[in-house]
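I have placed the structure first, in the form of structure tokens, so that the comments after it can refer back to it.
As the structure lists them, so they are numbered: ligands from 1, and atoms in each ligand from 1. The shown structure was predicted, so the numbers you read here are calculated from the model rather than taken from an experiment.
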Amino acid sequence: MTKEVPVSELSKSQARAELARLVEILSAANADYHSKDAPTISDAEYDRLKKRNADIEAAFPDLKRDDSPSDQVGAPVSETFSKITHRVRMLSLGNAFNDEDVQDFDGRIRKYLGLTPDMDLLYTAEPKIDGLSLSLRYEMGRLIHAVTRGDGEVGENVTNNARTISDIPQTITNAPAVLEIRGEVYMGHADFAALNQRQTEKGAKLFANPRNAAAGSLRQLDAKITASRPLKFFAYAWGELSEALADTQMDAIARMNHMGFSTNPLTEICHGPNDLIVHYAAIEDQRATLGYDIDGVVYKVNDLSLQARLGFRATTPRWAIAHKFPAEIAHTRIEAIEIQVGRTGALSPVARLLPVTVGGVVVSNATLHNEDYIAGRDSKGNTIREGRDIRVGDWVEVYRAGDVIPKIRDVVLSKRTDDSQPYVFPDVCPECGSPAVREDGDSVARCTGGIICPAQAVEKLKHFVSRSAFDIYGLGSKQIEMFFDDIDLPIKEPADIFRLEHRDTANLAKLKNRDGWGGKSASNLFAAINEKRKIPLNKLIFALGIRHVGDTSASLLAHSFGSWDDFITAMDRAGGRQGEAWDTLNAIDGVGQVMATALVDSFHDPKTRAAIDRLIAELDVQDMEKRATLDNPVAGKTVVFTGALELMTRAEAKVRAENLGAKVAGSVSKKTDYVVAGPGAGSKAKKAIELGVTVLSEAAWLDLTGQTG
Ligand code: IVH
């Protein structure tokens, strides 16, 4: 990285160039904040750059740009594209990072399907394109809409832009009446270089990499701009179909190709994990000369009927995995270790690094996870870095995992200085001074300050307004921090957000009169807040920031209970951690004891509950469609499988039953509702009969639960 020149030493032309650079970084960071799950630069770095920008503007007032970051209040949001709900969710892929992970993937699938190692199981292997995924819907052969992945459930309608991409046919013949083609929009290396050259000539902002260029080009409000950008598209998957495309993945790809879509020529059939690994190496060898970015190889079970049997976990298919290329590594020094306090009170150590470029992004901090990790142990107490704990002043190898959060791979001991000292983990919360306690079995120490800890309160609020939660335009982390400490207009709890406008009206010190604000930006903020009073139940539950309740679990809960009233009534009733309401909660697929306990504890804490009630009074919570889980005849029931199963494997039977909301137990007791007995069932079936428990054949079970064999 080139060293930054101090503001006082900048020449006028350097200052001009520097303001251009800063507007680019800061607007990209703003966009990242809203379009990705995690921001790419730290808040501290953001603040530092914003200050540097302001300092340069103060020194050279005539250079201040029209698009100066100093004039921006919130992050620009893509509210401008209409939203479309995917008929079939757009999922992501699980990752494999080494050969062992690939063997495990194959092993899991064989176990699930009941295949022995000697039985043939074919896979496809194809490059993982580093672009952005897009779903194209055709009805009667005509392109109806093109939708980005978004959060997997709802994406942005970019149809007009997609129509300008030559790889995307407007009409197709010989296709099913309803056809959703999914694939990746990307930009080739040569086109990317030429685009950046044109941008330079125009004095416009440069794109950091082809992926950003593709994303930025597809999400243009003016389709003419998209049309001028050389985007390409590879088809590799599908969503809703009125009839199957083929019997195998490979034939489906051939069919898509025949219909006029580009498909990746490096796609091949592989016979098992060893073959996959060989093909991986072959693709990796060609990586530099392909002419477009790829970041791994995707493996998929070839037989589509097996794919259907394998199905999905919460967010990823069981039948596919992405084998990632190793992450780029960089060396840098740890300048400090700081402790951040999260919304659940967890103390998270963060390494502040000498800034270094890794995979095209400047990294200035990395997660250190917890106390054990710093000391060189994993969560099970195993040594992960023999004799190499992490210390301030150490040189370390950093990499970007999952492409966002930088991590430390190892310490370079040869560069450690003699005076270096092991890091001592704090036993009090650095924010509120309450004791930090590490409970048995918990890998992190937590601040015991609860509601009195300002850090927890701020983090809870930041989570509340985050993208997967309330996602309020103009009210991001920065603004939350500002309002939290505000004297005239404080936001201390979520309900305060929705009273902001009213409080501002009643106040003499008006928001619109403050630095950086005006009548327009203040009224925009109030409008953005009011717009979110109407909130879907799943977003609300997620926004509450209850420990162990992520967005998938929040959706599950929302779909199980349907309305806020039913949800909160159930939480109230489940209070004693026993009885029907408690059992029903535990029986929801995806809700375990740990989450159920966290939910009940949080709603029964009087202060938290009062804050939630104040919030609800401000909102219009939208009901969700109730999903079958709880209406299923076996939901909440306990089932035992015994004997040989002939229509499905044990693993498959278990997962399917759990997906229907049943609990699968290993032994028969009075609490068992059903025993499914295959040939050779012995003592368990006998015991069931003695206890009067219903015994079913495998076929009768499938019939009862509406499954097919
Ligand atoms: S298959 C149900 N195949 O990788 C899974 N995805 O990390 C459907 N991607 O969201 C995805 N190349 O955007 C598949 N050959 C490929 C891919 C690919 C790139 C992207 C896709 C997905 C992400 C998951």
Side-chain angles (χ1 to χ4, degrees), residues 35-38 86-97 101 105 109 123-136 146-156 158 162 167 180-188 210-212 214-215 218-219 231-241 245 248-250 252-254 256-257 261-270 276 279-280 283-284 286-287 290 292-302 304 306-325 327 400-404 552:
S35 63
K36 287 186 189 160
D37 288 338
H86 297 294
R87 301 283 182 97
V88 175
R89 274 209 302 154
M90 282 183 90
L91 297 165
S92 58
L93 294 168
N95 290 324
F97 294 104
D101 292 347
F105 166 68
I109 291 180
Y123 293 95
T124 57
E126 63 195 280
K128 182 169 186 306
I129 316 298
D130 196 6
L132 62 151
S133 47
L134 189 68
S135 185
L136 306 169
V147 190
T148 62
R149 179 170 181 275
D151 63 3
E153 298 216 25
V154 180
E156 287 176 334
V158 292
D167 278 347
E180 280 180 11
I181 295 291
R182 290 174 177 180
E184 204 84 352
V185 174
Y186 67 100
M187 192 179 285
R211 188 183 178 286
N212 286 2
L218 186 67
R219 297 172 75 258
L231 294 176
K232 292 186 172 149
F233 180 81
F234 274 129
Y236 52 66
W238 50 89
E240 194 180 23
L241 298 174
L245 290 178
T248 64
Q249 180 76 30
M250 204 61 185
I253 292 171
M256 293 193 283
N257 192 265
F261 294 94
S262 292
T263 53
N264 196 286
L266 298 180
T267 311
E268 270 192 32
I269 291 280
C270 293
L276 288 173
H279 194 54
Y280 171 87
I283 291 182
E284 194 177 17
Q286 298 175 65
R287 187 177 182 189
L290 285 178
Y292 50 87
D293 277 354
I294 63 174
D295 57 349
V297 180
V298 181
Y299 307 144
K300 298 173 186 168
V301 169
N302 189 42
L304 298 185
L306 295 183
Q307 284 190 7
R309 271 180 70 189
L310 286 158
F312 301 88
R313 288 192 218 92
T315 58
T316 57
R318 279 194 195 82
W319 44 266
I321 201 162
H323 189 175
K324 302 292 283 284
F325 292 135
R400 286 172 68 221
D403 290 341
V404 185
T552 309

- Query: For atom 12 (N) of ligand 1, what's the nearest protein heavy atom and its distance?
  - Reply: Ile129 N, 3.0 Å
- Measure the distance from atom 15 (N) of ligand 1 to every protein heavy atom, then report the residue, atom name and distance (to 0.1 Å) of the closest one. Glu126 OE1, 3.0 Å
- Item | Distance (rounded to the nearest 0.5 Å) between Ile129 CD1 and Leu132 CG | 12.0 Å
- Message: With respect to Phe312, determine whether any N or O atom, backbone or side chain, lies less than 3.5 Å from an N or O atom of ligand 1.
- Response: no
- Message: I'd like to know if the side chain of Thr148 reaches the main chain of Glu156, judged simply by a donor and an acceptor atom lying under 3.5 Å from each other, with no hydrogens or angles considered.
- Response: yes
- Query: Can you check side chain to side chain contact (heavy atoms under 4.5 Å, CB included) on Cys270 and Tyr280, steps first, answer last?
  - Reply: CA-CA 10 Å; Cys270 293; Tyr280 171 87; over 6 Å; no
- Task: Quick one: look up the protein heavy atom nearest atom 6 (N) of ligand 1 and list residue, atom name and how far away it is.
- Result: Tyr236 CE1, 3.3 Å
- Task: Answer yes or no: is there a donor N or O on one side and an acceptor on the other, between the side chain of Tyr123 and the main chain of Ala320, under 3.5 Å?
- Result: no
- For atom 13 (O) of ligand 1, find the nearest protein heavy atom and state the residue, atom name and distance (0.1 Å precision). Glu184 OE1, 2.8 Å
- Does Pro317 have a non-hydrogen atom less than 4.0 Å from ligand 1? yes
- Query: Taking Asn302 for the side chain and Gln249 for the main chain, is one N or O donor matched with an acceptor at less than 3.5 Å?
  - Reply: yes
- Note on the structure: Counting heavy atoms under 4.0 Å, the part of Pro127 that contacts ligand 1 is backbone
- Heteroatom distance test (Lys128, ligand 1): nitrogen or oxygen, under 3.5 angstrom: yes
- Of Gly296, Ala237, Ala322, the one whose closest heavy atom lies nearest atom 8 (C) of ligand 1 is Ala237
- Note on the structure: ligand 1 atoms nearer than 4.0 angstrom to some heavy atom of Lys300 are 1 (S), 3 (N), 14 (C)
- Message: Could you check whether any heavy atom of Gly183 sits closer than 4.0 Å to an atom of ligand 1, since that is the contact criterion I want to use?
- Response: no
- Message: Closer than 4.0 angstrom, basic N to acidic O: yes or no for Lys128 and Asp295?
- Response: yes
- Indicate the atoms forming the closest heavy-atom contact of Ser262 with Phe233, along with that distance. CB-O, 3.4 Å
- List every atom of ligand 1 that sits less than 4.0 Å from any heavy atom of Ser133, numbering the atoms from 1 in the order shown and giving each element. 10 (O), 13 (O)
- Atoms of ligand 1 under 4.0 Å from any heavy atom of Leu91, numbered from 1 in the order shown, are 10 (O)
- Looking only at non-hydrogen atoms, the one of Leu132, Leu93, Val88, Ile294 nearest atom 5 (C) of ligand 1 is Leu93
- Query: Donor-acceptor pair, Arg318 side chain versus Ile109 backbone, under 3.5 Å?
  - Reply: no
- Message: Strictly below 4.0 Å, N to O, side chains only: are Glu180 and Arg87 in salt-bridge contact?
- Response: no
